Amino acid sequence: MDDDDITITLPDGSTREYAKGVTPLDVAASIGSRLAKAAIAATIDGEEVDLDRPIDHDATVAVITPTTPEGREVLRHSTAHVLAQAVTDLFPGARYAIGPAIQDGFYYDFELPGGQRFTDQDLERIEARMREIVAADQRFVREELDRDEGLTRFADQPFKQEIIERVDRSEVGSGAVISVYRNPRDGAADFLDLCRGPHVPRTSRLGAFKLMRVAGAYWRGDEHGPVLQRIYGTAWETPAALAEHLHRLEEAERRDHRRLGAELDLFSFPEEIGSGLPVFHPKGGTVRAIMEEYSRRRHEAAGYSFVNTPHITKANLFETSGHLQWFAEGMFPPMLVDEGPGEGTPYYLKPMNCPFHCLIYQSRIRSYRELPLRLFEFGTVYRYERSGVVHGLTRVRGLTQDDAHIFCTREQMGAELRSLLVFVLELLRDFGLEHFELELSTKPPGKAIGSDADWDAATEELRAVAQDMGLEPVLDEGGGAFYGPKISVQARDAIGRSWQLSTIQLDFQEPGPEHFDLHYIGADNERHTPVMIHRALFGAVERFFAILLEHYAGAFPAWLAPVQVSVLPVADRHHAYAFRIADRLRAEGFRVELLDAHDDTLGARVGRAKRDKVPYVLVVGDEDADNGTVGVNGRGSDHPERGVPVDAFIERLAEEVAERR
RNA sequence: GCCGGGAUAGCUCAGUCGGUAGAGCAGCUCACUCGUAAUGAGCAGGCCCGGGGUUCGAGUCCCCGUCCCGGCUCCA
């Protein structure tokens, strides 16, 4: 064996000998021309590199192809470079900041001279320029520079300089070397960008891309730093994959709860009331009432007691709870009551229910015999969300939590958490959600009270409970509240999006037990501090409503649908029969509407009922009136069933509702 | 809160250069009485988001506010 030979291990474990200096592309080519053709980057001993990186030692080598997550990232990041080149071409003096690959695509942040703004027309021009760059088939050439040379090469790019300086600081003593990528081009200076890489070898190897939108973004995410203009794009390995992605976006838009809410007449946000303050219309109110009613029934069965508390309170209560100290900026400003010569008494809208529930606990001496005490309320709270973050029903300023606080002993805590988690998942499943992920948030360093030992024990308890249910929680290090760890439940909807719903928050410090001096008398006749568990299963009813609406794309299952059955007489002479059918169904407890034949053709009425996503449309005509039957049109079926006996239909619907299908 | 874009009939939207407001759908009325996704005709519908300014004249231009949209930041 020659001294200049090295041994390359392939992903399948086999090994081959190559001359020193061989590149991953050479290796791929020696295995198969198809593989070499597909490759856009490679890994050497797990490190992502360009295809032409020479290999000078024994190593494991694999190529990266565009259809893998790593491959898409290379494509997207390379596309971002081309975007930056196009922008600097079209906007002389533009400064470019950072341009990473993100989920589904990439972005690049820019600052234009003279405060110029990108317009939608600019996006089209930029995209056209990008296609020219792709057609020119420029190479991506990697170079390594030392710090000073980097600063010189990016003399007119302050953001790049700042990054270089930062890299230098963070790698002190390691002989900092920065890498840049150069796109050589005819008749113009090379385009240069600071970058770790790897990249596709040539611009012609990019996939299908599209610029999406422009938006403002802070330099390095710093609210007080300069605001840059961010151009978002999406990039995929093939035009088909891009089309599929765009289709998914359309699907998400079609399901947007704000759009469905208006179309189906469920809720609205009157400008007169204020931002983030929804009103529910009769149909939305019906769905919501059913959700709440079902939840109430389940809580009753699970041993909860129902309480009610006011929406406003004197400031004093939130001083005791610590909210005014910690979260005043998230609360609506106070109103002064009984103003006179004095300063008046400040009252606040409540941002949380727990202090009220603590007062109920505290209203008399508690015995260990009455624990666990579970206090439940649909509690409406008000939070002063910053104006830019309000969004439909998912981020509002007035919301109703399905909130409960469980007071129990340390000994009871484990069992209580265990049954609680079962309860949560069962309830969410009943509403049609099936895929869950748990997130465990631990002690926030420097911002928490209580001993590490207490925290560790409580955190471990939560983890054990999750694992008992076969769910491995994802760790959210330092994400807990200052008074205790929490476990949150994320659910995936019908199109795979993940939503955070339930939270279970342990509180063995404050603002619960110790601030309020909560205690109970134990079997030993001594005073003990209870553990308090904060928990909300829907999270907020409004938000959960929105998630269900999007999950079902507006087609609520029969048990939740605001109108379950539309009855349509074929002609006026069938009206009396249709009325009897509707009446009968109402008597059975169903929600029914009758669309009479006076104004519209049958086709028009069927269309209306279908667009309203009513689960069952019953058409009744001569045949039915004679035989006591109905014509049944199930939602989603193109084939009406004729001559179904009324009793049979009622039985079917009742079963469907009972099973919450 | 910050950056950008918006707000015209119940909804979706058009409205040219600053010259006195338009369509489709929905609504109402009438006709049609129909077996499965939009029957026809007619009528009505407007503080052009609110306030100020420029102008002979403002839906249109400028300023302030409200609300919405896309991001950023935030999300107990």
Side-chain angles (χ1 to χ4, degrees), chain A residues 107 109 111 115 117-120 212-232 256 258-259 262-263 265 268-277 318 321-323 325-331 351-352 354 381 383-392 394-397 399 441 444 447 479-484 486 500 503 505 507 511 534 539-540 543 566 568-575 596-612 617-625 630-633 637-643:
Chain A
Y107 67 78
D109 287 346
E111 185 181 65
R117 300 289 167 202
F118 291 122
T119 65
D120 288 350
M212 303 299 283
R213 64 174 66 92
V214 55
Y218 299 107
W219 167 236
R220 295 172 59 192
D222 176 4
E223 205 177 337
H224 306 288
V227 176
L228 306 176
Q229 293 190 77
R230 175 169 296 178
I231 294 179
Y232 283 92
D256 190 314
R258 294 167 299 179
R259 173 202 183 109
E263 273 175 20
D265 196 15
S268 63
F269 295 88
E271 193 183 326
E272 291 84 342
I273 299 177
S275 185
L277 297 168
F318 292 126
S321 69
H323 286 95
Q325 187 194 337
W326 294 91
F327 309 116
E329 80 291 346
M331 294 168 63
M352 290 180 108
C354 24
V381 299
R383 300 177 182 185
Y384 189 75
E385 300 289 356
R386 301 216 275 175
S387 62
V389 306
V390 170
H391 178 94
T394 57
R395 193 80 182 269
V396 289
R397 284 178 168 170
L399 56 128
S441 302
K447 288 195 295 183
F482 66 94
Y483 49 80
K486 78 174 175 198
Q500 191 192 307
T503 56
Q505 175 96 46
D507 185 350
H534 307 241
R543 181 178 151 84
S566 288
L568 280 53
V570 170
D572 278 347
R573 66 178 178 281
H574 309 117
H575 187 269
D596 69 34
H598 185 67
D599 298 317
D600 271 315
T601 60
L602 181 63
R605 284 175 288 141
V606 169
R608 200 186 327 155
K610 295 270 187 184
R611 274 191 303 280
D612 283 347
V617 179
L618 301 186
V619 173
V620 295
D622 288 326
E623 262 173 46
D624 300 298
V630 292
V632 178
N633 302 263
S637 158
D638 296 332
H639 304 291
E641 296 170 62
R642 296 280 289 270

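Note that this is a predicted model, so its numbers are computed, not measured. Hydrogens, waters and symmetry mates are skipped; everything else that's a heavy atom, side chains included, is used. Numbers restart at 1 for each chain; the letters A, B, ... are given by sequence-line order, proteins then strands.
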Pick the P atom in B/U54 and in B/A14, then give their distance to the nearest Å. 31 Å
Measuring only the C1' atom in each nucleotide, how far is B/A31 from B/C17? A whole number of Å is fine. 47 Å
Salt bridge (Lys or Arg N to Asp or Glu O under 4.0 Å) assessment of A/D596 paired with A/R605: CA-CA 8 Å; A/D596 69 34; A/R605 284 175 288 141; over 6 Å; no
Identify which nucleotide among B/U36, B/G70, B/A76 has an atom closest to any side-chain atom of A/P640, counting heavy atoms from C-beta outward. B/U36
Roughly how many Å apart are B/U39 and B/C48, using the P atom of each and rounding to a whole number? 35 Å
Measure from CG on A/N633 to P on B/U36 and round the result to the nearest Å. 10 Å
Identify the residue among A/D624, A/V630, A/L568 that makes a side-chain contact (heavy atoms from CB on, under 4.5 Å) with A/L618. A/V630
What's A/Y232 touching, base or sugar-phosphate or nothing? Going by heavy atoms closer than 4.0 Å. sugar-phosphate
base_contact_polar (B/G1 base, A/Y218 side chain, donor-acceptor, <3.5 Å): yes
To the nearest angstrom, the CD-P distance between A/E272 and B/C68 comes to 12 Å
Between A/H391 and A/V632, just flag the one whose closest nucleotide in RNA chain B comes earlier from the 5' side. A/V632
Using the P atoms only, state how far B/G42 lies from B/G24, rounded to an integer number of Å. 11 Å
Short N/O separations, protein against nucleotides 31-33 of chain B, under 3.5 angstrom:
unit_1: B/C32; atom_1: N4; unit_2: A/H598; atom_2: O; d: 2.6
unit_1: B/U33; atom_1: O2; unit_2: A/D572; atom_2: N; d: 2.9
unit_1: B/U33; atom_1: N3; unit_2: A/D572; atom_2: OD1; d: 3.4
unit_1: B/U33; atom_1: N3; unit_2: A/D572; atom_2: OD2; d: 2.7
unit_1: B/U33; atom_1: O4; unit_2: A/D572; atom_2: OD2; d: 2.7
unit_1: B/U33; atom_1: O4; unit_2: A/H598; atom_2: ND1; d: 3.4

Could you tell me whether the phosphate oxygens of B/A38, OP1 or OP2, come under 4.0 Å of any side-chain nitrogen or oxygen in A/R611? no
One should read off an interatomic distance between A/E111 CD and A/Q229 CD, to the nearest 0.5 angstrom, of 9.5 Å
Given that A/G330 and A/A604 both sit by RNA chain B, which one's nearest nucleotide is further toward the 5' end? A/A604
Would you say the side chain of A/R605 and the base of B/U36 hold a donor-acceptor pair, judged only by whether the two atoms sit under 3.5 Å apart? no
Distance-only, no hydrogens or angles: does the A/R383 side chain make a donor-acceptor pair with backbone N or O of A/G330 under 3.5 Å? no
Among the candidates B/C75, B/G1, B/A76, find the nucleotide nearest to the side-chain atoms of A/R395. B/C75
Euclidean distance for P, B/G27 against B/G22 (whole angstrom): 24 Å
Students often get this wrong, so: under 4.0 angstrom with heavy atoms, is A/R642 touching a base, only sugar-phosphate, or nothing? base
Expressed in whole Å, how much space separates the P atoms belonging to B/U60 and B/G15? 15 Å
State, with a plain yes or no, whether a side-chain heavy atom of A/R543 is found less than 4.5 Å away from one of A/T394. yes
Please pick, from B/C49, B/C69, B/U36, the nucleotide with the shortest atom-to-atom distance to any side-chain atom of A/V606. B/U36
Going by the rule side-chain hydrogen bond (donor to acceptor under 3.5 Å, both in side chains), which residues pair with A/R259 if we only count those two or more places apart in sequence or in a different chain? A/E263
Of B/G35, B/U36, B/U73, the nucleotide closest to the side chain of A/D624 is B/G35
Looking only at side-chain atoms of A/S275, point me to the closest of B/C67, B/C75, B/U36. B/C67
Starting the side chain at C-beta, find the nucleotide from B/G35, B/G1, B/G70 nearest to A/R386. B/G1
In terms of side-chain heavy atoms of A/R258, which of B/C69, B/G1, B/C67 is nearest? B/C69
B/C74 base to A/R383 side chain: any donor-acceptor pair below 3.5 Å? no
Base, sugar-phosphate, or nothing: which does A/G276 touch, judged by heavy atoms less than 4.0 Å apart? sugar-phosphate
So if I take every side-chain heavy atom of A/R230 and compare against B/A76, B/U66, B/C72, which nucleotide ends up nearest? B/C72
With a 4.5 Å cut-off on side-chain heavy atoms, are A/R397 and A/S387 touching? yes
Among the candidates B/C72, B/G35, B/C67, find the nucleotide nearest to the side-chain atoms of A/E271. B/C67
Work out how far the C1' atom of B/C64 is from that of B/G46, and round it to whole angstrom. 25 Å
With a 4.5 Å heavy-atom cut-off, do A/N633 and A/V619 have their side chains touching? yes
Does A/H574 use its side chain to pair, donor to acceptor, with the backbone of A/A571 at less than 3.5 Å? yes
Identify whether any heavy atom of A/Q229 sits under 4.0 Å from a base atom; if not, whether one sits that close to sugar-phosphate; answer base, sugar-phosphate or nothing. nothing
In dot-bracket, 5' to 3', how would RNA chain B read with Watson-Crick or G-U wobble pairs under 3.5 Å, [ ] for crossing ones and | for pairs to another strand? (((((((..((((.....[..)))).(((((.......))))).....(((((..]....))))))))))))....
For A/E385 and A/H391, run side chain to side chain contact (heavy atoms under 4.5 Å, CB included): C-alpha distance rounded to whole Å, both residues' side-chain angles, the deciding distance at 0.1 Å, then the answer. CA-CA 10 Å; A/E385 300 289 356; A/H391 178 94; over 6 Å; no
Choose from B/A37, B/C67, B/A76 the nucleotide whose nearest atom is closest to any side-chain atom of A/P351. B/A76
Rounded to the nearest 0.5 Å, what separates atom CZ in A/R642 from atom CD in A/E623? 4.5 Å
For atom P, what is the distance between B/C25 and B/A38, given to the nearest Å? 13 Å
